[in-house]
Visitor: 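Mind looking over this structure? Questions follow.
Hydrogens, waters and symmetry mates are skipped; everything else that's a heavy atom, side chains included, is used. Proteins get letters first, then strands, A, B, ... in listed order; numbering begins at 1 in each.
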2 protein chains.
Amino acid sequence: MKKNTATIHDISKALGIDSSTVSRALSNSALVTAKTKDKILKKAIELGYQKNTLASKLRTRKTNTIGVIVPRISRHFFASVISGIEDAAYDSGYDVIICQSLDNLEREKQLIQTMHSNRVDGILVSVSMETNTSDHFNEYKKDGFPIVFFDRPFMLKENINVIIDDYKASFEATEHMIEIGCKKIVHLRGPKTSELYNRRELGYKNALKNNGLDIDDNYILESRLMKEDGLELANKIARLGNIDGVFAANDTVAISTMQYLKEKGCNIPRDMAFVGFSNEPISAVIEPSLTTVGQADVEMGKVASLLLFELIKNTTDKINNQVTILEPNLIIRNSTSKFSKK
Amino acid sequence: MKKNTATIHDISKALGIDSSTVSRALSNSALVTAKTKDKILKKAIELGYQKNTLASKLRTRKTNTIGVIVPRISRHFFASVISGIEDAAYDSGYDVIICQSLDNLEREKQLIQTMHSNRVDGILVSVSMETNTSDHFNEYKKDGFPIVFFDRPFMLKENINVIIDDYKASFEATEHMIEIGCKKIVHLRGPKTSELYNRRELGYKNALKNNGLDIDDNYILESRLMKEDGLELANKIARLGNIDGVFAANDTVAISTMQYLKEKGCNIPRDMAFVGFSNEPISAVIEPSLTTVGQADVEMGKVASLLLFELIKNTTDKINNQVTILEPNLIIRNSTSKFSKK
DNA sequence: CTTCTAAATACAATCGATTGTATTTTTAAG
DNA sequence: CTTAAAAATACAATCGATTGTATTTAGAAG
């Protein structure tokens, strides 16, 4: 049933005009008379001609397409970054291919290989949580394949990164909790393999130190920051006793943990203040609404894209090893309204 | 800086073996000796060979890629459908290209054209809210380009659709509200251009009729079902007076409207019961948690994919005009716990 | 050591668009 | 009306992999 779409050769034959002229006419080249252009365009429409982009890409060695790999497209932060990327790409005439690694290293490898094999002009990556080596990227990078990393800082010394200032964000979030009167603040961090969470922890620790509070490693709880981790974390927090604040490295685990603590009879924010990270939409709607860190998402997508486009255009790699740091902003909501209501 | 990736011809030259043999060796054809295969494979690795998929696709006229167009990838329902699609595609050896129309018709047109131009083997579409004509699909369908529609019923008589039983879902949701004692139920519906919302409205109306309640067209409020519509809808509902139940055609607007009504001092569910549609994750977490309709999301992705694969394999269009209807399930939460708590 | 068959490899065309160069046509100048 | 220059079009190679067919090589049989 599938008919073959018309090609420039069909138009060429139908009109007795060489296919090279047809090609030039369709790309509106100045080398073709307006009159012949007209004939060709009419026939193209008549035959339902649709350019075979594959052939074009093969010949020109340019796909005008960039690839994006994120852990999960459904996460609001990534969806927003993607909006920023799509906007920038649209303005520059690039197509965008979106894929999710589901935080799985094997899948990430597979995706890069597929994208490279499809000869995208470059890729934007927020690495998976399991990614702790850059071998699978270097393989392509050494041939000059343009890659820009965003969100999750990755091998800062060797790559181009666009990130937010996680340290500063954590510092300010923690300091905010201290200001409203928290004395014993637990930090829920992510896997040690991720530099990101190391930075967030450092911000937390330094804020404590700067404000004369003790750092207790028992107050730092590690998990994969998934919804499912909430119960265990809530139990651990309850067992610690006297905790009056929780600073989580993402909203998902903050909300989940908060729910379980509420079920245990803990009143938030009166007994315990809560701060998350990422500004998931759900954070604004839950009870109490969650104080969290906004991550300049759309902007991050735009900035990362522009860097990638530069990299694609450039034949040298002079813009390598560049880290662009965007400003986070603390969004204060009811989960830290503890004393301000007094 | 960008080096060209090695091709089969580079391997061919390096070994003095014809490129056709190299090609066959790399695809592990039985026509090549194990010994030569070995030499070729070694050299391929040495040169960092990566198949140029574009060339392969062009030659074979097969891309092993399907396209997916959804309104928004960040919507939980679509993200789940996509999971189902990716699983099915992985099992069948297809790659998946995901795009979002942002509920914009022009963008939708653009995306189909780009995908077709890239010669994907077929596409899965949940049409945008603005889409009320099928012209831009028919253009491709008449050439036998495989398209399967899902989620939003679209020209059922002419196309292949995978949908849930919206009528039944609405009917059951409304009946559930009547059972718990609601007498004056408002329905928040989406644009008239979408058949989907017509069906949901019909389910609502018939449930009222079947239970001896009056149908009042003033109780049916139309909007784009966005978060931003919540305020106006809440005002309208307040003005109507005596409303004791709201059945919304999606969760987003249900939640937003509910928030505004709460701010006006309305106690939910005591004064007014609420039911949404789609089972967005946020619905489980808000206060009160929202009763809603689960839409067999992952399953829908799988079923739609399998149909598309069939369509791609088939040379006839005997499976055309087929509607697959999946079962919805009502998820009862606190927003309708009105009288059950008595 | 031939001769025939089967297995392995080489040749060459192809997918559809692009582009440098050659050829033809048009236009303008003499 | 001729001729040179400029403009328009045609020719042909190319991008990289695939595949039908032709050719060569190897192995077996006589």
Side-chain angles (χ1 to χ4, degrees), chain A residues 2-41 43-44 47-65 113-114 116-121 143, chain B residues 2-41 43-44 47-65 113-114 116-121 143:
Chain A
K2 187 146 178 190
K3 294 191 209 109
N4 288 335
T5 319
T7 71
I8 51 170
H9 300 102
D10 297 324
I11 300 177
S12 163
K13 268 177 228 152
L15 297 172
I17 295 176
D18 191 82
S19 58
S20 63
T21 304
V22 175
S23 171
R24 285 190 245 258
L26 292 171
S27 60
N28 202 22
S29 153
L31 292 176
V32 183
T33 315
K35 215 171 78 182
T36 21
K37 267 185 199 168
D38 222 56
K39 271 198 288 187
I40 290 171
L41 241 60
K43 185 57 83 177
L47 298 180
Y49 172 80
Q50 289 268 20
K51 163 149 100 173
N52 186 323
T53 310
L54 295 173
S56 172
K57 288 175 175 177
L58 175 61
R59 178 61 230 255
T60 60
R61 296 157 149 283
K62 239 275 183 184
T63 60
N64 275 305
T65 303
Q113 119 102 319
T114 301
H116 181 261
S117 194
N118 276 287
R119 298 293 187 270
V120 297
D121 294 334
D143 289 343
Chain B
K2 187 149 177 186
K3 292 188 212 116
N4 289 335
T5 320
T7 70
I8 51 170
H9 300 102
D10 297 325
I11 300 176
S12 162
K13 267 178 227 151
L15 295 172
I17 294 177
D18 190 80
S19 59
S20 62
T21 304
V22 174
S23 171
R24 285 190 245 257
L26 292 172
S27 60
N28 202 24
S29 154
L31 292 176
V32 183
T33 315
K35 214 170 82 183
T36 21
K37 265 185 201 169
D38 220 58
K39 271 198 289 188
I40 291 172
L41 240 61
K43 185 58 82 176
L47 298 180
Y49 172 81
Q50 291 268 20
K51 161 149 99 173
N52 185 322
T53 309
L54 295 174
S56 172
K57 288 174 175 176
L58 175 61
R59 177 61 230 255
T60 60
R61 297 156 149 283
K62 238 279 182 182
T63 59
N64 274 307
T65 303
Q113 121 102 319
T114 302
H116 181 261
S117 195
N118 277 286
R119 297 294 185 272
V120 296
D121 294 334
D143 290 342

Visitor: Between B:Ile11 (CD1) and C:dT9 (C1'), how many Å, whole number?
Guide: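 Result: 16 Å.
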Visitor: Is it the case that the side chains of A:Lys57 and A:Asn118 hold a donor-acceptor pair, with the cut-off being a distance below 3.5 Å and no angle test?
Guide: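 No - no donor-acceptor pair under 3.5 Å links their side chains.
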Visitor: Calculate the interatomic distance between A:Asp38 atom CG and D:dA8 atom P; express it in whole Å.
Guide: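 Whole-Å distance recorded here is 15 Å.
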Visitor: Rounded off to whole Å, could you give me the CG-to-P distance for the B:Asn28 and D:dT19 pair?
Guide: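 Going from B:Asn28 (CG) to D:dT19 (P), I get 14 Å.
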Visitor: Which residue lies toward the 5' end of DNA chain C, B:Gly16 or A:Ser23, if each is placed at its nearest nucleotide?
Guide: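 Nearer the 5' end of the strand: B:Gly16.
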Visitor: May I ask you to check whether A:Ser117 and B:Thr53 show a side-chain donor-acceptor distance below 3.5 Å?
Guide: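 The criterion, which ignores hydrogens and geometry beyond distance, is satisfied for B:Thr53 and A:Ser117.
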Visitor: Once salt bridge (charged side-chain N to carboxylate O under 4.0 Å, His left out) is applied, what residue pairs with a partner in residues 8-36 of chain B remain, sequence neighbours excluded?
Guide: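 Matches after skipping sequence neighbours: none remain.
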Visitor: In this structure, how many angstroms lie between the P atom of C:dT9 and the NZ atom of B:Lys37, rounded?
Guide: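 For the pair B:Lys37 NZ and C:dT9 P, the rounded distance is 10 Å.
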Visitor: For A:Ser19 and C:dA17, is the shortest distance between a side-chain N/O and OP1 or OP2 below 4.0 Å?
Guide: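 False: A:Ser19 side-chain N/O out of range (4.0 Å or more) of C:dA17 OP1/OP2.
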Visitor: Looking at B:Asn52, is its backbone amide N or carbonyl O close enough to the side chain of B:Ser56 to form a donor-acceptor pair, meaning the two atoms are under 3.5 Å apart?
Guide: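 No, B:Ser56 side chain to B:Asn52 backbone: no donor-acceptor pair under 3.5 Å.
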Visitor: Please report the shortest heavy-atom distance between A:Arg119 and B:Gln50, naming the atom on each side.
Guide: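 A:Arg119 and B:Gln50 have their closest heavy atoms at NH2-O, 3.2 Å.
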Visitor: Return the set of residues passing side-chain hydrogen bond (donor to acceptor under 3.5 Å, both in side chains) with B:Lys43 (not counting sequence neighbours), or none when no residue passes.
Guide: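 If we apply the side-chain hydrogen bond (donor to acceptor under 3.5 Å, both in side chains) test to B:Lys43, skipping adjacent residues, the hits are B:Glu46.
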Visitor: Which value, rounded to the nearest 0.5 Å, describes the distance between B:Lys51 atom NZ and B:Thr5 atom OG1?
Guide: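 So the gap between those two atoms works out to 14.5 Å.
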Visitor: Using whole Å, report how far NZ of A:Lys62 lies from C1' of C:dT19.
Guide: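 It is 18 Å, rounded to the nearest whole Å.
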Visitor: Report all interatomic pairs (protein N or O, nucleotide N or O of nucleotides 20-28 of chain D) with separations under 3.5 Å.
Guide:
residue : atom : partner : partner atom : Å
D:dG20  : O6   : B:Arg24 : NH2          : 2.5

Visitor: Contact class for A:Leu26 (heavy atom, under 4.0 Å): base, sugar-phosphate, or nothing?
Guide: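 The residue A:Leu26 makes no contact with any strand.
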Visitor: Can you list the stems that DNA chain D is part of, where a stem is at least 3 pairs in a row, each Watson-Crick or G-U, with both distances below 3.5 Å?
Guide: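 The stems that DNA chain D takes part in, listed by first number, are C:1-30 with D:1-30.
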Visitor: How far does CG of A:Asp143 sit from CG of B:Asn4, to the nearest 0.5 angstrom?
Guide: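 If we round to the nearest 0.5 Å, A:Asp143:CG and B:Asn4:CG are 9.5 Å apart.
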Visitor: Measuring from atom OG1 of B:Thr36 to atom CG of B:Leu41, what distance do you get when rounded to the nearest 0.5 angstrom?
Guide: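 B:Thr36 atom OG1 to B:Leu41 atom CG measures 11.0 Å (nearest 0.5 Å).
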Visitor: Measuring from atom CG of A:Leu54 to atom CG of B:Leu54, what distance do you get when rounded to the nearest 0.5 angstrom?
Guide: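 If I round to the nearest 0.5 Å, the distance is 6.0 Å.
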Visitor: Take the protein atom NZ of A:Lys13 and the nucleotide atom P of D:dC11, then report the distance between them rounded to whole Å.
Guide: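 Answer to the nearest Å: 14 Å.
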Visitor: Can you name the atoms? Protein N/O to nucleotides 13-16 of chain D N/O, anything below 3.5 Å, with the distance.
Guide:
residue : atom : partner : partner atom : Å
D:dT14  : O2   : A:Arg59 : NE           : 3.3
D:dT14  : O2   : A:Arg59 : NH1          : 2.9
D:dC15  : O3'  : A:Arg61 : NH2          : 3.4
D:dC15  : O2   : A:Arg59 : N            : 3.4
D:dG16  : OP1  : A:Arg61 : NH2          : 2.5
D:dG16  : OP2  : A:Arg61 : NH2          : 3.4
D:dG16  : N2   : B:Ala55 : O            : 3.2

Visitor: Tell me the closest heavy-atom pair linking B:Ser12 and B:Ser19, and the distance in Å.
Guide: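 The pair with the smallest heavy-atom distance is OG-N, 3.5 Å.
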Visitor: Can you tell me if A:Thr36 touches the phosphate of D:dT9, counting only side-chain N or O atoms and a distance under 4.0 Å to OP1 or OP2?
Guide: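 Yes, A:Thr36 has a side-chain N/O under 4.0 Å of OP1/OP2 on D:dT9.
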Visitor: Counting the atoms with a prime plus P, OP1 and OP2 as sugar-phosphate, which does A:Val32 contact under 4.0 Å by heavy atoms, base, sugar-phosphate, or nothing?
Guide: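 It contacts sugar-phosphate atoms only.
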Visitor: My understanding is that only residues two or more places apart in sequence, or in another chain, count here; which of them pass side-chain contact (heavy atoms from CB on, under 4.5 Å) with B:Ile40?
Guide: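 Applying side-chain contact (heavy atoms from CB on, under 4.5 Å) to B:Ile40 gives B:Ile11, B:Leu15, B:Ile17, B:Thr21, B:Val22, B:Ala25, B:Leu26.
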Visitor: What is the separation between atom CG on B:Leu15 and atom P on C:dA10, rounded to the nearest whole Å?
Guide: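 It is 10 Å, rounded to the nearest whole Å.
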